[in-house]
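Notes follow once the structure below has been shown.
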Amino acid sequence: MFSVPLESARSTKHGVHRGMSSVTIPPPAFCHRPLEAPFRYLFGPGPSNVPPRVLAAGGRPIIGHMHSEMFGIMNDIKKGIQYAFQTSNNMTLAMSGSGHTAMECALFNIVEPGESVLVAINGIWGERVAEIAERMGAKVHTLVKTPGGHFTNAEIEQALAKHKPVLFFLTHGESSAGLVHPVDGIGDICHKYNCLLLVDSVASLGAAPLLMDQQNIDILYTGSQKALNAPPGTAPISFSERACHKMFNRKTKPVSYLLDMTNLSNYWGNDGKPERIYHHTGPVSGFFALRESLAILAETGLENSWKHHTEVAEYFWKGLEDLGLKLFIKDKDLRLPSVTTIAIPEGYNWKELLAYIMKHHRIEFTGGLGPSVGMLLRIGLMGYNCNKANAAMALAALEDALKQCRMSKA
C-alpha cells in the first residue's frame, strides 16, 4: 500500500497544498475471504434458479457496450422478445434494470403531467403503478379489488367511459395474489375510448398465454428473473405504433433522462438512424444471460412452455389439496401457473413455517406482499424450476413443516 504522510505536504507562497494523505479507514475484513453464496431452491415468486447454460452465458468475457458484436447481441435480444411477446413491434428492447424500471419507463414516456390514468389494483403492482403515476403528476383513477379479485370487461369499460384516461394499467400475472388476469377484449375496449393498454407480465410471461399483437396490448413488459430464468436486472418491453405516436408527440420531456425512449430507441437501433450514439453503459453480462434465456424459450416453444407450466401447476395443486391446504384462488382458470398461493393454514404462524422450511430443506417460499401480507403463502415453480420432481420436493417440505411447527392459538 502506498501513502504519503501529512508531513510531506508541499508549501508554496500561496499556502499549503496537501497531496495524498494517509488513509484512516482500514480494509474491510471480507476482502480476506472468498465470496460465498449458499445454494438454495428458489421456489418463491422470483428470482428462480438459473440454468447452467444461462449462468455460463453471463460468465463470458465482457465486451464493450458499444462494440458491433454487442449490438448484434442486442439485435438477437430484440428478436427474442418479439417472439416471447408475440409482437412485430419495432420499438422492442430490454431495459437496463428490473421490472420496476420497465414499469417506470412506460409511465414516464407515455403519460404527461395532468393527464388521466386508470389503474386496476388487485395486488401490489397496481398499487406501485398508481403511486408512480401520482408522483409524476398524473390524475390517477383506480379500480380496486381485494387480492385475488379480477375485473370484468364491463367494469373496465364503465371506468374508461367515466375517466377518459390516456392509459389503462392491468397486471396479467399478479404474483402477490397468485392470479392470472383475463386479457381478451380489453385492448379493443381501450382503443374504443382512445386509451392505451399497459400490461405487466413479469410473473406470467412464458408460463401463461399472452399474445401482445392479437390481444391489442399497447405496452407490455416483463422481468428477466422469473420464468425466463435469467438473473435479475434486465426487463424486456415493447411499444405498439399507437404507443409510439403518443410517446414521440408529447409536449413535455419525460421526467427521467435515463428512461427517455428518444435516447433508448437509438441505443437499441430502433430509430432508423445509421449510427448508435452513447447513452448509458448497458449491463453487458446481463444482456448475455437474457439473450441465452430467450434462446431457450424459443427452442422450447411458447406453447410447449405454457402447457408444461400448467401441467406441473395442476400436479402441485392436487398435492396441496391432498395435504388439506386451501388454494387462495378458488377458480382454477384464474390461477397463475408460475406462482401458486395457498391460504395460511389455520393455527399456524406463517413466518415459522417459512423459517423451518428454509432451515431444514434449503427451500425458499414466501408470504404475501403488499395487501396480501398475512393472507397467504406463495410458492413459485417456473422455468428451470418447473418440474414435477421440484413440486414433489416442495410438497414434502410443506408436509414436514406442518408436522413439526407448533400450532399457535394466536
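Side-chain atoms are counted along with the backbone in the values below, which use heavy atoms only and exclude waters and symmetry mates. Numbers for residues simply follow the sequence, beginning at 1.
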- Query: Who passes ring pair (Phe, Tyr, Trp, His ring centres under 6.0 Å) against Tyr356, sequence neighbours left out?
  - Reply: His360
- Item | Carboxylate-amine/guanidinium proximity below 4.0 Å for Glu314 and Lys318 | no
- Message: Could you check whether any side-chain N or O of Tyr348 sits under 3.5 Å from a backbone N or O of Cys405, counting only pairs where one atom can act as donor and the other as acceptor?
- Response: no
- Just how far is it from atom CG of Asp200 to atom CG of Leu170, taken to the nearest 0.5 Å? 9.0 Å
- Examine the side chains of Ser48 and Asn229 and answer whether a donor and an acceptor come within less than 3.5 Å of each other. yes
- Whether Ser96 side chain and Gly282 backbone form a donor-acceptor pair below 3.5 Å: no
- Message: A side-chain contact here means heavy atoms from C-beta on lying under 4.5 Å apart; do Ile296 and Val54 qualify?
- Response: yes
- Task: First locate atom NE2 of His65, then atom NE2 of His279, and finally report the distance between them rounded to the nearest 0.5 Å.
- Result: 10.5 Å
- Should Ile110 and Leu198 count as side-chain neighbours, where that means a heavy-atom distance under 4.5 Å? no
- Using a 4.5 Å cut-off on heavy atoms from C-beta on, say whether the side chain of Leu107 contacts that of Leu167. yes
- Message: Once rounded to the nearest 0.5 Å, what's the spacing between atom NZ of Lys251 and atom CG of Asn249?
- Response: 11.5 Å
- Query: Hey, are Ser240 and Asn89 close enough side-chain-wise for a donor-acceptor pair under 3.5 Å?
  - Reply: no
- Query: What distance separates Ser338 OG from Asn385 CG, expressed to the nearest 0.5 Å?
  - Reply: 11.5 Å
- Item | Residues in ring pair (Phe, Tyr, Trp, His ring centres under 6.0 Å) contact with Trp350, at least two apart in sequence or another chain | none
- Heavy-atom closest contact (Asn109 atom, Arg250 atom, distance): O-NH1, 2.6 Å
- Query: Below 6.0 angstrom between ring centroids: does that apply to His309 and Phe316?
  - Reply: no
- Task: For the residue pair Phe43 and Tyr41, categorise the inter-ring angle as parallel (less than 30°), tilted (30 to 60°) or perpendicular (more than 60°).
- Result: tilted
- Note on the structure: When every non-hydrogen atom of Tyr315 is compared with those of Ala392, the smallest separation belongs to OH-CB, 4.0 Å
- Can Asp218 and His191 be counted as having a side-chain donor-acceptor contact under 3.5 angstrom? yes
- Can you tell if the side chain of His141 reaches within under 4.5 Å of the side chain of Pro165, non-hydrogen atoms only? no
- Expected output: side-chain Arg335 to main-chain Lys330 donor-acceptor under 3.5 Å: yes
- Val111 and Ala138: which non-hydrogen atoms are nearest, and at how many Å? CG1-CB, 3.8 Å
- Under the 3.5 angstrom rule, does the side chain of Asp260 hit a backbone N or O of Pro254 as a donor-acceptor pair? no
- Lys145, NZ atom: more than 12 neighbouring heavy atoms under 6.0 Å: yes
- Message: Taking atom CD as the centre, does Glu321 end up with more than 12 heavy-atom neighbours from other residues, nucleotides or ligands that are less than 6.0 angstrom away?
- Response: yes
- Quickly, which of Lys164, His163, Glu157 forms a side chain to side chain donor-acceptor pair (under 3.5 Å) with Tyr193? Name it, please. Glu157
- Message: Can you list everything that forms a salt bridge (Lys or Arg N to Asp or Glu O under 4.0 Å) with Glu299? Sequence neighbours excluded, please.
- Response: Arg53
- Message: Pair Leu179, Thr171 - check side-chain contact (heavy atoms from CB on, under 4.5 Å), show working.
- Response: CA-CA 9 Å; Leu179 178 121; Thr171 309; over 6 Å; no
- Item | Residue pair Ile73 / Met70, side-chain heavy-atom distance below 4.5 Å | yes
- Message: When you measure from the side chain of Ser372 to the backbone of Ser176, do you find a donor-acceptor pair of N or O atoms at a distance under 3.5 Å?
- Response: yes
- Is the number of heavy atoms from other residues, nucleotides or ligands within 6.0 Å of CD (Glu155) greater than 12? yes
- Task: Would you confirm whether Asn49, through its side chain, and Arg40, through its main-chain N or O, come within 3.5 Å as a donor-acceptor pair?
- Result: yes
- Message: More than 12 heavy atoms of other residues, nucleotides or ligands under 6.0 Å from CD of Glu311: yes or no?
- Response: yes
- Query: Within the distance-only criterion (no hydrogens, no angle test), does the side chain of Asp188 pair as donor or acceptor with the backbone N or O of Asn216 below 3.5 angstrom?
  - Reply: no
- Message: Is there a side-chain contact (heavy atoms from CB on, under 4.5 Å) between Leu398 and Ile379? Walk through the geometry before answering.
- Response: CA-CA 11 Å; Leu398 273 169; Ile379 303 172; 3.6 Å; yes
- Decide if atom CG of Asn194 counts as having more than 12 heavy atoms of other residues, nucleotides or ligands within a radius under 6.0 Å. no
- Query: Do the side chains of Leu369 and Arg378 get nearer than 4.5 Å, heavy atoms only?
  - Reply: yes
- What is the ring orientation for Trp268 with Phe287, classed by angle as parallel under 30°, tilted 30 to 60°, or perpendicular over 60°? perpendicular
- Item | Trace of the side-chain contact (heavy atoms from CB on, under 4.5 Å) decision for Ile186 with Phe168 | CA-CA 10 Å; Ile186 296 176; Phe168 172 58; 3.9 Å; yes
- Task: Using atom types as modelled and distance alone, determine if a side-chain donor or acceptor of Ser305 lies under 3.5 Å from a backbone N or O of Gly206.
- Result: yes
- Ion pair present between Arg60 and Glu292, side-chain N to carboxylate O less than 4.0 angstrom? no
- Task: Determine whether more than 12 heavy atoms belonging to other residues, nucleotides or ligands lie under 6.0 Å from atom CZ of Phe30.
- Result: no
- Query: Does a side-chain heavy-atom distance below 4.5 Å link Val202 with Lys226?
  - Reply: yes
- Task: Specify the closest pair of heavy atoms between Thr341 and Leu376, including all atoms of both residues, with the distance to one decimal.
- Result: CG2-CD1, 4.0 Å
- Mind running side-chain contact (heavy atoms from CB on, under 4.5 Å) on Ser204 and Leu336 for me, showing each step along the way? CA-CA 7 Å; Ser204 59; Leu336 183 59; 3.9 Å; yes
- When rounded to the nearest 0.5 angstrom, what distance separates CD in Gln82 from NZ in Lys78? 5.5 Å
- Looking only at non-hydrogen atoms, find the nearest pair between Ser256 and Phe108 and report the distance. CB-CD1, 3.5 Å
- Donor-acceptor contact below 3.5 Å, side chain Asn122 vs main chain Gly149: yes
- Any Lys/Arg nitrogen of Glu131 or Arg135 sitting under 4.0 Å from an Asp/Glu carboxylate oxygen of the other? yes
- For Phe151 and Ala120 the tightest heavy-atom approach is CE1-CB, 3.6 Å
- Task: To the nearest 0.5 angstrom, please state how far the NE2 atom of His172 sits from the OH atom of Tyr221.
- Result: 13.0 Å
- Donor-acceptor under 3.5 Å (Thr142 side chain, Val119 main chain): no
- Message: Do Phe288 and Ile63 have side chains that approach each other closer than 4.5 Å (heavy atoms only, starting at C-beta)?
- Response: yes
